Novice: 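One structure, pasted below without further comment.
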Protein chains: 2
Amino acid sequence: MTRLVNRTHDAKARSFIESANQPGGDFPIQNLPFGVFRRRARQEAERIGVAIGDQVVDLRRAAGHGLFSALGSEIQSALAAPVLNPLVALGRPAAAAVRERLFDLLAQDGPSRNNVVDCLAPAESVELLLPVAIGDYTDFYASIHHATNVGSMFRPENPLLPNYKYVPIGYHGRASSIVVSGTPIKRPMGQIKGDVAADPVFGPSRSLDYESEIGGYLVGGNRQGTEIPIAEAESRIFGLCLLNDWSARDIQAWEYQPLGPFLAKNFATSVSPWVVTMEALAPFRVPGFDRPAGDPAPLPYLFAETDRRAGGIAVATEVYLSSARMRAEGMAPWRVSHASLASMYWTMAQLVTHHASNGCNLRPGDLIGSGTISGPEKENRGCLLELTWRGAEPVTLPTGEIRRFLADGDEVILRAACERAGAARIGFGECRGVVEPA
Amino acid sequence: MTRLVNRTHDAKARSFIESANQPGGDFPIQNLPFGVFRRRARQEAERIGVAIGDQVVDLRRAAGHGLFSALGSEIQSALAAPVLNPLVALGRPAAAAVRERLFDLLAQDGPSRNNVVDCLAPAESVELLLPVAIGDYTDFYASIHHATNVGSMFRPENPLLPNYKYVPIGYHGRASSIVVSGTPIKRPMGQIKGDVAADPVFGPSRSLDYESEIGGYLVGGNRQGTEIPIAEAESRIFGLCLLNDWSARDIQAWEYQPLGPFLAKNFATSVSPWVVTMEALAPFRVPGFDRPAGDPAPLPYLFAETDRRAGGIAVATEVYLSSARMRAEGMAPWRVSHASLASMYWTMAQLVTHHASNGCNLRPGDLIGSGTISGPEKENRGCLLELTWRGAEPVTLPTGEIRRFLADGDEVILRAACERAGAARIGFGECRGVVEPA
């Protein structure tokens with residue numbers, strides 16, 4: 001097993017920042033996710049931060065105070081950057097060293113407390129930014145439940161295509177339009193063709209949807225023409241985030257043959273501001289997908305015994321919806337569905353190895369998406385297309401409002417966390433977006 | 001018409017660099033394409049250059065000599081960059097001003113000749129690099145001849161899908177693996193499934209192919225959520241290049257359903273080092289594709305009268321092949337096919353407008369590919385898949401060697417030029433790549 005349980009996973013550890021010790025919080029001292037922020041009230045440059053309780057640690061300032069001097073000049077210089085890329089490029093051990101040092105600094109009996117306190121900013125006072133300059137973004141399709149549901153609607157006799165159980169299906173997404181949580185999402189225009197219409201029309205999408213996914217930022221590092229063996233692939237994943245792959249189903253249905261989705265998805269993709277490191281997730285590793293009898297074994301390049309035994313990650317995902325009327329009436333967001341990253345047919349390591357198996361070079365800060373995370377039950381369906389079965393089974397909000405797809409003013413909120421007995425809860429924060437009119 | 005014929009299009013203009021005045025050359029004084037280079041013998045930083053005859057003008061050095069001081073500090077600073085992006089971001093008028101100033105400086109009776117001569121490097125002494133830091137790369141499918149040929153092989157009764165004449169079909173490609181001409185191309189490994197085999201195997205592609213395309217670097221500049229009207233789209237295209245969209249047909253056939261090509265293409269894409277500006281191409285504008293009676297009119301967002309009248313560009317493209325044995329025997333590369341960018345169903349402006357029509361933000365230096373450029377005749381087929389009809393009609397090289405797809409050691413050479421009576425020839429140089437074993 002690769003649980004790597006060390007002192008940073010001690011569930012009893014507490015921080016001198018009391019808000020980090022509250023049960024049920026996303027950001028205890030065992031988490032320490034990385035992001036990029038600036039204080040709203042100041043004219044200051046973007047800087048790397050780490051979330052702890054209701055505070056953000058300013059790592060640029062902390063490095064300036066010499067709090068990371070034992071880690072060497074390369075790491076200190078990376079911590080002064082306005083994006084995570086230089087830190088990501090140093091590989092997982094560098095970020096792990098920063099996290100461990102922060103764990104000690106933020107502990108109840110930590111050293112240099114005055115210097116650390118000087119680097120804190122209340123989370124409510126900061127603007128959280130896109131944490132990584134993303135070079136290439138690839139979205140996968142790794143939930144067999146999602147693939148089967150979607151396939152059932154369009155090909156009832158043959159829901160799963162013959163390649164699905166062999167190929168971790170993926171496609172290239174758009175890097176320029178990835179936005180951080182909180183950015184409004186304008187309903188896209190596009191070509192739409194009704195089932196009986198002779199010609200398409202150009203107009204606002206009438207089937208705007210979300211897709212609840214987990215994203216992974218890559219360390220990269222394989223030269224073009226070289227592969228990443230499956231046993232090494234875990235070392236190329238820096239950390240995970242929430243990802244909403246907004247999708248216009250009507251645009252998608254008309255445009256996607258033969259080259260796949262394009263304008264149906266590239267108008268916007270939302271990510272959470274915090275990147276949860278693979279180190280923080282170590283206590284939540286579970287076996288990879290347990291293939292039913294009769295399913296083919298993964299081809300050898302996609303198989304490692306370590307990955308079979310602990311390639312999965314038990315991240316519980318949730319989707320919440322809040323209509324404009326719900327917010328006006330003071331109602332809390334309504335939970336639409338929940339699922340688990342552990343139910344994916346392919347592990348993140350398999351996605352990385354497959355991606356590089358033809359020699360495609362992955363770069364530090366590249367982003368991969370898991371694909372919509374759905375599970376076996378109706379309550380596990382990670383997008384409205386599945387949940388309402390193309391609109392045939394609409395959902396009813398607490399206000400009595402009906403949804404087949406998203407309405408203007410709807411806010412979609414993705415959340416996720418890892419929880420188990422004997423370990424501190426590791427939360428992902430939120431990934432939010434309000435739909436604006438076309 | 002948007003021919004904008006000005007002094008830089010005067011076919012009689014000559015340069016004091018005699019090699020630029022030779023008939024049939026790619027780089028006369030009327031062309032002046034931009035690229036990035038460094039001298040092989042020196043330890044020097046990458047710098048922007050312009051091709052003229054058999055020389056390259058070092059624009060960083062020229063700016064240092066004050067030769068562009070009349071154009072302002074923004075442009076001078078952009079000319080000192082190691083990539084074209086800052087110049088591209090300034091928009092087409094900036095590059096046009098640089099080109100016009102260079103035209104005057106390089107003319108037979110140009111001023112400051114000693115300073116200009118001091119900035120020249122023989123083309124054979126320089127290494128040409130990727131000219132642009134490409135953020136996102138999108139590949140289109142704009143040749144109806146290509147789409148019909150490929151469709152005929154896989155769906156004989158229904159070669160063209162119903163969306164083709166309405167939607168400029170495109171997909172996202174991979175930016176990280178775009179390489180400059182001359183970079184060897186390693187044959188990719190991948191999952192391949194024979195027609196009768198039960199399971200796929202992982203191994204070297206046996207159907208490696210090229211695709212002859214023209215690429216366009218974008219000025220970008222639309223904020224996310226805003227469109228680019230068709231009448232403005234031309235202003236967002238900086239210039240054109242040669243592009244080889246290397247494709248592994250066996251990997252593609254097995255992986256591409258339902259999300260499109262992925263590992264079949266993202267192992268490598270080659271581009272030519274020189275970017276030919278839209279200004280240099282102005283004398284070669286022709287009407288956009290003349291749709292046959294019965295074809296639907298473009299939807300209004302894709303139609304502008306100016307684009308219909310002069311949205312096409314008469315770029316003649318050529319593909320040459322050279323096997324290892326041909327080179328060993330001293331044979332010249334053999335011309336496999338030729339076609340014209342003017343035969344594309346969609347203009348470059350239509351591709352740009354469609355791309356941004358859903359609010360997708362385009363950034364300076366983004367690259368779009370035309371898709372394989374094929375014409376109506378067999379000699380116009382821009383990839384081996386079409387030319388050999390999936391291998392059913394192999395081609396025979398001058399050595400007697402047979403090709404269904406590319407063999408190790410084969411070199412693919414793309415060339416293109418614009419020629420017409422009364423105008424100077426505008427060449428694109430070459431885009432080369434040798435296939436290396438897996």
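In what follows, chains are A, B, ... by sequence order, proteins preceding strands, each numbered from 1. Keep in mind it's a predicted model, so treat the numbers as computed, not measured.
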Novice: Taking every heavy-atom pair that is under 4.5 Å apart, which of A:Gln257, A:Glu436, A:Glu227, A:Lys186 has the most such pairs with chain B?
Specialist: A:Gln257
Novice: Sub-4.5 Å heavy-atom contacts with chain A: which residues of residues 139-161 of chain B show up?
Specialist: B:Phe140, B:Tyr141, B:Leu161
Novice: For the backbone of B:Phe267 and the side chain of A:Gln224, can you confirm whether one donor and one acceptor N or O come within less than 3.5 Å of each other?
Specialist: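 Yes, the answer is positive, given that a donor and an acceptor are paired below the 3.5 Å cut-off.
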Novice: What part of A:Ala198 gets closer than 4.5 Å to chain B, counting heavy atoms only: side chain, backbone, both or neither?
Specialist: backbone
Novice: Can you say whether A:Thr138 sits under 4.5 Å from chain B via the side chain, the backbone, both, or neither, judging by heavy atoms?
Specialist: side chain
Novice: Is B:Ala268 in contact with chain A via its backbone, its side chain, both, or neither, using a 4.5 Å heavy-atom distance?
Specialist: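 Both backbone and side chain.
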Novice: Determine whether A:Pro300 and B:Phe202 make a side-chain contact, defined as any pair of heavy atoms from C-beta on separated by less than 4.5 Å.
Specialist: no
Novice: Let me know if A:Gln191 has heavy atoms under 4.5 Å from chain B in its side chain, its backbone, both or neither.
Specialist: side chain
Novice: Distance-only, no hydrogens or angles: does the B:Arg174 side chain make a donor-acceptor pair with backbone N or O of A:Asn361 under 3.5 Å?
Specialist: yes
Novice: Which region of A:Ala248, side chain (C-beta onward) or backbone (N, CA, C, O), has a non-hydrogen atom less than 4.5 Å from a non-hydrogen atom of chain B, or is it both or neither?
Specialist: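 Contact with chain B: none, neither part.
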Novice: Measuring heavy-atom distances to chain A, does B:Leu362 have an atom under 4.5 Å in its side chain, in its backbone, in both, or in neither?
Specialist: both
Novice: When heavy-atom pairs shorter than 4.5 Å are enumerated against chain A, which of B:Pro261, B:Pro184, B:Pro200 gives the highest number?
Specialist: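 If we count pairs closer than 4.5 Å to chain A, B:Pro200 comes out on top.
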Novice: Out of A:Val201, A:Leu302, A:Asp199, return the one with the most heavy atom pairs under 4.5 angstrom to chain B.
Specialist: A:Asp199
Novice: Using non-hydrogen atoms only, which part of B:Asp366 is less than 4.5 Å away from chain A: side chain, backbone, both, or neither?
Specialist: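 Side chain of B:Asp366 only, per the 4.5 Å heavy-atom cut-off to chain A.
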Novice: Among A:Ala264, A:Gly173, A:Gly135, A:Pro188, which residue forms the greatest number of heavy-atom pairs with chain B at distances under 4.5 Å?
Specialist: A:Gly173
Novice: B:Leu130: what forms a side-chain contact (heavy atoms from CB on, under 4.5 Å) with it, not counting sequence neighbours?
Specialist: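 Listed in chain order: B:Ile178, B:Val180, B:Val271.
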Novice: On a heavy-atom basis, which atom in B:Asn266 and which in A:His172 lie closest, and how many Å separate them?
Specialist: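 Looks like ND2-NE2, 3.2 Å.
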Novice: Chain B: which of A:Gly190, A:Gly225, A:Pro258 shares the most heavy-atom pairs with it under 4.5 Å?
Specialist: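 Of the options given, most contacts go to A:Pro258.
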Novice: With rounding to the nearest 0.5 Å, note down the distance linking CD1 in A:Ile169 to CD in B:Glu255.
Specialist: 7.0 Å
Novice: Centre-to-centre under 6.0 Å for B:His355 and A:Phe262, is that the case here?
Specialist: yes
Novice: Of all the heavy-atom pairs spanning B:Val167 and A:Trp254, show the shortest one and how long it is.
Specialist: CG2-NE1, 3.3 Å
Novice: Quick check against the 3.5 Å criterion: does A:Asn358 have a side-chain atom that pairs as donor or acceptor with the backbone of B:Leu263?
Specialist: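 Yes; judged by distance alone, with no hydrogens or angles, the pair exists.
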Novice: For A:Pro296, is it the side chain, the backbone, both, or neither that has a heavy atom closer than 4.5 Å to a heavy atom of chain B?
Specialist: neither
Novice: Which heavy atom in B:Ser176 sits nearest to a heavy atom in A:Arg363, and how many Å separate them?
Specialist: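 Nearest pair, atom of B:Ser176 first, then A:Arg363: CB-NE, 3.3 Å.
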Novice: Would you mind telling me which of A:Gly170, A:Gly359, A:Ala438, A:Pro162 has the largest number of heavy-atom pairs within less than 4.5 Å of chain B?
Specialist: A:Gly170
